[in-house]
S.K.: 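One structure, pasted below without further comment.
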Amino acid sequence: MDPDLVSETLSALSEPDTARKRRKHLKPFRGLRGTPARGVTEVLVAVWKRDQPELPRDSDALHHIFCTAHEDGMVAIGLAAARVPDSPNEVLDLVDRWLGMADDHETADALGWLLWGPGLLAAGEPVAETLSQVSKNPRPWTRRSAVMALMALLPVPITGQPAGALRERLGRHVQIVETPQTDALAQVCMAFARDQDPHVRKALIRVLKTWAELEPEPVQTLIDSVRGGVPKQLREQVEKSVRKGRREQG
């Protein structure tokens, strides 16, 4: 792999107007190139086809790419995601290196859904215990990533730019599990139920709404049993999905 070639290609595809619009919502410390989403996906898939990384051999090269800029980080995450089935422990090592650098919702979400959750499952690690402990982490982006890792515990197709290489390898419709991992979902969601950070809460609402449409009763039981209650906004949005789930189940 040639990390510099990846970065040069992403830079060549960048657009000032895209960068200006994106900076209204993202201000990552690593910088924002302004490469359109389609361009990021095209670079990711092209690199995967041409120079599939091997772990741990290419771990440092992926880390170099991740550290260069926001869009580069999306490519690095996507390449690592496609290696989870083969090298889950090495992928988790990368997660450990990258979590402390994530400072935007796109990076945090991709790390959680595509690497952390799937990596823990594939490596046979105690998913619920590991992610629940993160509720005490002082960094909100790390906590958000732990919550978004729960999306890997739901039978829903992965989405987003970094999923391109994994879809190229496994097919257009890729989901990590066949059925909701109910016990683990409940334990981790309970650990984060009272988190006050808006970024973490937004991720938790997304997970609970997705889960509620698949298994409405466990979700209703969970939000009813949170000591001290859950925020009004969370309850209203999640209970709407609970009702939808009940309707779909007849």
S.K.: Fit a plane to each ring of H63 and W98, take the angle between them on a 0 to 90° scale, and name the class: parallel (under 30°), tilted (30 to 60°) or perpendicular (over 60°).
M.R.: parallel

S.K.: Are T179 and Q181 side-chain neighbours, meaning at least one heavy-atom pair lies under 4.5 Å?
M.R.: yes

S.K.: Would R167 and V45 satisfy side chain to side chain contact (heavy atoms under 4.5 Å, CB included), going step by step from the backbone distance to the final call?
M.R.: CA-CA 9 Å; R167 287 196 293 262; V45 172; over 6 Å; no

S.K.: Answer yes or no: is there a donor N or O on one side and an acceptor on the other, between the side chain of Q187 and the main chain of L131, under 3.5 Å?
M.R.: no

S.K.: Looking at every non-hydrogen atom in both residues, tell me the closest pair between P140 and V200 and how far apart they are.
M.R.: O-CG2, 3.4 Å

S.K.: Enter the distance from R50:CZ to L5:CG here, rounded to the nearest 0.5 Å.
M.R.: 5.5 Å

S.K.: Hey, does I205 have a side-chain heavy atom less than 4.5 Å from the side chain of L208?
M.R.: no

S.K.: Can any side-chain N or O of E15 pair as donor or acceptor with the backbone N or O of L13 at less than 3.5 Å?
M.R.: no

S.K.: Does any part of the side chain of L115, heavy atoms only, come nearer than 4.5 Å to the side chain of L94, both counted from C-beta?
M.R.: no

S.K.: About how many Å separate NE2 of H70 and CG of L26, when rounded to the nearest 0.5 Å?
M.R.: 5.0 Å

S.K.: For the residue pair M148 and R206, establish whether any side-chain heavy-atom pair is separated by less than 4.5 Å.
M.R.: yes

S.K.: Look only at the side chain of K27 and the backbone of R23, and say whether a donor-acceptor pair between them is shorter than 3.5 Å.
M.R.: yes

S.K.: Using 0.5 Å steps for rounding, measure from the CD atom of E54 to the OG atom of S87.
M.R.: 7.0 Å

S.K.: Is any side-chain heavy atom of Q196 closer than 4.5 Å to a side-chain heavy atom of R201?
M.R.: yes

S.K.: Answer yes if the side chains of R33 and T18 hold a donor-acceptor pair under 3.5 Å, and no otherwise.
M.R.: no

S.K.: Any luck finding a side-chain donor-acceptor pair between D4 and S7 under 3.5 Å?
M.R.: no

S.K.: Between S135 and S132, is there a donor-acceptor pair closer than 3.5 Å when you use the side chain of the first and the backbone of the second?
M.R.: yes

S.K.: For the residue pair W211 and V242, establish whether any side-chain heavy-atom pair is separated by less than 4.5 Å.
M.R.: no

S.K.: Is a side-chain N or O of D58 found less than 3.5 angstrom from the main chain of A61, in a donor-acceptor match?
M.R.: no

S.K.: Report yes or no: does D72 contribute a side-chain atom to a donor-acceptor pair with the main-chain N or O of T68 at less than 3.5 Å?
M.R.: no

S.K.: Which residue pairs pass the salt bridge (charged side-chain N to carboxylate O under 4.0 Å, His left out) test with at least one member in residues 207-228, sequence neighbours excluded?
M.R.: E213-K244, E217-R246, D224-R235

S.K.: What are the two closest heavy atoms between L92 and L120, and how far apart are they?
M.R.: CD2-N, 3.8 Å

S.K.: Could you walk me through whether D195 and R143 pass salt bridge (Lys or Arg N to Asp or Glu O under 4.0 Å), step by step?
M.R.: CA-CA 9 Å; D195 197 299; R143 301 200 306 277; 2.6 Å; yes

S.K.: Within the structure provided, determine whether V207 and T210 are in side-chain contact (heavy-atom separation under 4.5 Å).
M.R.: no

S.K.: Check whether any side-chain heavy atom of L62 sits under 4.5 Å from a side-chain heavy atom of L55, and report yes or no.
M.R.: yes

S.K.: Return the minimal non-hydrogen interatomic distance between P155 and E178, and the atom names on each side.
M.R.: CB-O, 3.4 Å

S.K.: Counting heavy atoms not belonging to Q233, are there more than 12 under 6.0 Å from its CD?
M.R.: no

S.K.: Could you tell me which non-hydrogen atom of R97 sits nearest to which non-hydrogen atom of S59, and how far apart they are?
M.R.: NH1-O, 4.1 Å

S.K.: Are any side-chain N or O atoms of R139 and backbone N or O atoms of A102, one a donor and one an acceptor, separated by less than 3.5 Å?
M.R.: yes

S.K.: For the pair K240 and E236, evaluate salt bridge (Lys or Arg N to Asp or Glu O under 4.0 Å) and give the outcome as yes or no after the intermediate values.
M.R.: CA-CA 6 Å; K240 182 178 179 180; E236 289 177 348; over 6 Å; no

S.K.: Determine which pairs satisfy side chain to side chain donor-acceptor pair (under 3.5 Å) with at least one residue from residues 109-125, sequence neighbours left out, and list them in order.
M.R.: D109-R144

S.K.: Nearest 0.5 Å, please: how far is NE2 in H25 from CZ in R22?
M.R.: 9.0 Å

S.K.: Would you say the side-chain atoms of S145 pair up with the backbone N or O of G112, donor to acceptor, closer than 3.5 Å?
M.R.: yes

S.K.: Working to the nearest 0.5 angstrom, can you tell me the gap between L111 CG and M74 CE?
M.R.: 7.0 Å

S.K.: If you take all heavy atoms of V47 and L79, which pair is closest and at what distance?
M.R.: CG1-CD1, 3.9 Å

S.K.: Between W48 and R83, is the side chain to side chain contact (heavy atoms under 4.5 Å, CB included) condition met? List the steps.
M.R.: CA-CA 10 Å; W48 173 255; R83 279 300 178 209; 3.8 Å; yes

S.K.: Start with the C-alpha gap between Q175 and L154, add the side-chain angles, then the distance that decides, and say whether side chain to side chain contact (heavy atoms under 4.5 Å, CB included) holds.
M.R.: CA-CA 8 Å; Q175 62 187 51; L154 292 163; over 6 Å; no

S.K.: Once rounded to the nearest 0.5 Å, what's the spacing between atom CD1 of I65 and atom CG of D2?
M.R.: 8.5 Å

S.K.: Could you tell me which non-hydrogen atom of L10 sits nearest to which non-hydrogen atom of V40, and how far apart they are?
M.R.: CD2-CA, 4.2 Å

S.K.: Quick check: is L32 connected to V6 through a chain of hydrophobic side chains (ILVMFWY, heavy atoms under 4.5 Å apart)?
M.R.: no

S.K.: Spell out, yes or no, whether W141 and V95 are grouped together once hydrophobic residues are joined by side-chain heavy atoms under 4.5 Å, including indirect joins.
M.R.: no

S.K.: Do E239 side-chain atoms and Q237 backbone N/O form a donor-acceptor pair below 3.5 Å?
M.R.: no

S.K.: Is R169 paired with D86 through a side-chain N to carboxylate O contact shorter than 4.0 Å?
M.R.: yes

S.K.: Please answer whether the main-chain N or O of S11 pairs with a side-chain N or O of S14 as donor and acceptor at a distance below 3.5 Å.
M.R.: yes

S.K.: Take M101 and F29, measure what side chain to side chain contact (heavy atoms under 4.5 Å, CB included) needs, and give me the verdict at the end.
M.R.: CA-CA 8 Å; M101 301 174 65; F29 183 76; over 6 Å; no

